[in-house]
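Let me begin by presenting the structure, written as structure tokens, before commenting on it.
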Amino acid sequence: MSTVPGDLDTDRQPPLSVPLWHFVVALVFLLTGAVLGVTDALGVAPGLARLAHLHLLLVGFVCLTIAGAMTQFVPVWSGTTLHSRRLAQAQLWLVVGGLLGLVAAFLSGRVAMLPPFGALLLVGFWTFAYNVGRTLARTRPLDVTERHFAAALGFFLTLTPLGLTLATDFVTPVFVGTGVSRGGVVAAHATLAVFGAVLTTVFGALYQLVPMFGQTGLRGVDHALQRFETVVYPAGVVVLAVGRLVASAPLARLGAVLLLAGFLAFVVVLGRLLLDARTDRSPMLVRYALLAPAALAWALLAAPAWLRDPLAATGRFGAPGTAHLLALLLLFVLLGTLYHVVPFLVWIHRYSDRLGFEDVPLIDDLYDGRLATTDLVLVAGGGARHVVGDAFAHPLLTLGGGLALFGGLSVFAANLLLVLWRHAPDSLRRDARDPARD
């Protein structure tokens with residue numbers, strides 16, 4: 001995509017530094033989490049390395065990217081103004097401070113640090129949910145993307161207290177006499193995080209991004225499938241999380257059926273939109289195209305496992321051994337989106353005012369296409385190797401896939417950071433002409 005969609009009112013967006021700081025910090029957490037994952041696979045990582053690795057990637061990369069993207073684009077898509085720019089800046093540093101403390105506690109074994117830093121993390125995400133929620137509240141009626149975002153904010157508000165409770169339980173027993181177990185709370189927390197906050201946001205964003213940048217739209221049965229998913233998928237997340245929390249297999253199984261039905265409906269709509277796309281191939285659409293078969297494969301593997309035992313600890317993220325397939329799915333979404341969003345924002349602020357007066361680069365000219373191809377091969381190939389290694393319990397395949405993934409993610413991060421270095425070297429500073437205000 002090389003032009004700005006005509007229906008976006010970019011004057012309503014916050015200063016460029018706000019989303020870009022979210023994205024840059026998220027990239028740092030992505031690379032740090034990838035390094036920790038490799039060292040853990042080699043058996044040389046200290047403490048609770050697996051928990052630190054998971055939180056670096058899920059909270060540090062995925063959720064910070066979501067927070068930055070929502071803060072940037074909800075005002076633009078919804079035709080309103082962000083409730084508070086100061087809160088948008090505060091949410092980032094609250095989450096960063098909480099996550100750094102949490103990871104340090106996991107790696108050092110100093111579990112007494114977990115509750116205070118968990119509380120800081122909760123405050124950061126609740127600040128984000130409040131700020132974006134107040135922004136969405138000005139919009140009536142909510143469209144399909146806004147409804148998904150509102151549901152995702154609700155999941156953020158719910159999963160973070162569960163996380164704080166788990167952090168506190170490391171220090172003081174919390175669940176004795178409550179009728180729920182720590183394992184049930186962990187399962188509910190993970191379900192609300194991955195399938196609730198993250199994937200609900202992904203669905204909502206792709207309903208907007210694929211038609212916008214693929215120059216296509218819903219047709220025929222797509223409308224019915226979208227309405228079905230909008231209701232059934234979030235309901236399935238809630239029922240599955242509650243069923244896992246109270247260790248009720250029938251309730252969890254019902255939630256799994258609803259969640260998977262909504263998930264598959266979305267995959268069908270996404271696939272049809274991608275097949276109808278009329279624009280040239282771009283890093284964004286190529287990665288979205290890889291997302292569709294990966295998502296379908298994950299769902300087909302998850303269905304029998306969840307129907308058989310939706311409470312199994314090894315099946316919290318789908319069929320046993322498919323957690324990295326789900327992670328690869330998220331990587332395709334986020335890397336593809338960032339490949340457009342970061343250059344798009346830089347182009348808007350740096351070049352849009354010059355259009356028609358002088359030669360300006362296209363959006364897709366801001367990043368290096370060869371680097372984009374290299375990271376695609378490494379991420380897709382390394383991710384596939386990692387998934388196969390998991391499936392066949394082959395540690396060398398898994399390690400090789402992890403190393404290739406790390407290489408691909410490093411190339412990806414370098415490519416985006418070069419966009420800022422070459423085209424907007426001052427973009428991470430607060431714009432003095434547009435200071436933060438409430």
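Every value quoted in this text rests on a predicted model; they were computed, and no experiment measured them. Quick note: residue numbers are just sequence positions, from 1.
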Next item on the list: Using distance alone, with no hydrogens and no angle criterion, decide if His53 and Asp40 have a side-chain donor and acceptor under 3.5 Å apart.
Entry: no

Check: Does any donor atom in the side chain of Asn415 or Tyr339 lie under 3.5 Å from an acceptor atom in the other side chain?
Finding: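 Per modelled atom types, Asn415 and Tyr339 side chains form a pair under 3.5 Å.
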
To the nearest 0.5 Å, what is the distance between [atom1] ([X]) and [atom2] ([Y])?
X      : Y      : atom1 : atom2 : answer
Leu417 : Arg422 : CG    : CZ    : 11.5 Å
Arg147 : Asp143 : CZ    : CG    : 7.0 Å
Arg287 : Leu331 : CZ    : CG    : 10.5 Å
Phe175 : Thr168 : CZ    : OG1   : 8.5 Å
Leu409 : Leu378 : CG    : CG    : 9.0 Å
Leu240 : Leu260 : CG    : CG    : 8.5 Å

Item checked: side chain to side chain contact (heavy atoms under 4.5 Å, CB included) evaluation trace for Phe149 with Leu142 -> CA-CA 10 Å; Phe149 285 179; Leu142 298 180; over 6 Å; no

Indicate the atoms forming the closest heavy-atom contact of [X] with [Y], along with that distance.
X      : Y      : answer
Ala265 : Leu225 : CB-O, 3.9 Å
Ala305 : Pro320 : CB-CD, 4.1 Å
Leu371 : Val411 : O-CG1, 3.4 Å
Gly383 : Leu405 : N-CG, 3.8 Å
Ala249 : Pro310 : O-CG, 3.6 Å
Val239 : Leu251 : CG1-O, 3.2 Å

Sub-4.5 Å side-chain heavy-atom contact between [X] and [Y]:
X      : Y      : value
Leu345 : Pro19  : yes
Phe156 : Cys63  : yes
Leu164 : Pro161 : no
Leu376 : Val286 : yes
Val232 : Leu259 : no
Thr191 : Leu159 : no
Val59  : Leu64  : no
Leu420 : Pro425 : no

N/O donor to acceptor pairs below 3.5 angstrom from side-chain atoms of residues 24-39, sequence neighbours left out:
from	atom 1	to	atom 2	distance (Å)
Thr32	OG1	Val28	O	2.7
Thr39	OG1	Val35	O	3.3
Thr39	OG1	Leu36	O	2.8

Check: Does the gap between the ring centers of Phe332 and Tyr288 come in under 6.0 Å?
Finding: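 Between Phe332 and Tyr288, the centre distance exceeds or equals 6.0 Å.
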
Margin query: Run Thr135 and Ser78 through side chain to side chain contact (heavy atoms under 4.5 Å, CB included) and show every step you take.
Written below: CA-CA 9 Å; Thr135 305; Ser78 301; 5.9 Å; no

Notebook entry, point to check: Is a salt bridge present between Asp276 and Arg219, judged by a nitrogen-to-oxygen distance below 4.0 Å?
Noted result: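 The answer is yes: the pair qualifies as a salt bridge.
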
Notebook entry, point to check: So, are Arg370 and Asp375 salt-bridged, with charged N and O less than 4.0 Å apart?
Noted result: no

Classify the ring geometry between [X] and [Y] as parallel (under 30°), tilted (30 to 60°) or perpendicular (over 60°).
X      : Y      : value
Trp77  : Phe73  : parallel
Phe266 : Phe203 : parallel
Trp306 : Phe195 : perpendicular

[X] side chain to [Y] backbone, donor-acceptor under 3.5 Å:
X      : Y      : answer
Thr322 : Gly318 : no
Thr279 : Phe213 : yes
His340 : Gly336 : no
His394 : Leu397 : yes
Thr200 : His148 : no
Trp298 : Phe317 : yes
Arg244 : Gly184 : no
Arg272 : Val268 : no
Gln72  : Ala69  : no
Arg278 : Gln215 : yes

Margin query: Assess the residue pair Val237 and Leu192 against the criterion (side chain to side chain contact (heavy atoms under 4.5 Å, CB included)); give the C-alpha distance rounded to whole Å, side-chain angles, the decisive distance to 0.1 Å, and a yes or no.
Written below: CA-CA 7 Å; Val237 174; Leu192 292 171; 4.3 Å; yes

Check: Please walk me through it: do Leu366 and Tyr351 pass side chain to side chain contact (heavy atoms under 4.5 Å, CB included)?
Finding: CA-CA 11 Å; Leu366 300 191; Tyr351 297 111; 4.0 Å; yes

Checklist line | Among Gln91, His22, Gln89, side chain to side chain donor-acceptor pair (under 3.5 Å) partner for Thr71 | finding: Gln91

Notebook entry, point to check: Just one of Val333, Thr145, Leu153, Ile66 clears the side-chain contact (heavy atoms from CB on, under 4.5 Å) bar with Thr201, so which one?
Noted result: Ile66

Notebook entry, point to check: With a distance cut-off below 6.0 Å to the six-membered ring centre and an angular limit of 45° from the axis, does Arg182 pair with Phe170 as a cation-pi contact?
Noted result: yes

Item checked: Atom CH2 of Trp93: over 12 foreign heavy atoms under 6.0 Å ->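 Yes, because the 6.0 Å sphere around CH2 of Trp93 holds more than 12 heavy atoms from other groups.
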
Could you pull out all donor-acceptor pairs under 3.5 Å where a side-chain atom in residues 95-111 meets a protein atom, sequence neighbours excluded?
from	atom 1	to	atom 2	distance (Å)
Ser108	OG	Ala104	O	2.8
Ser108	OG	Arg110	N	3.3

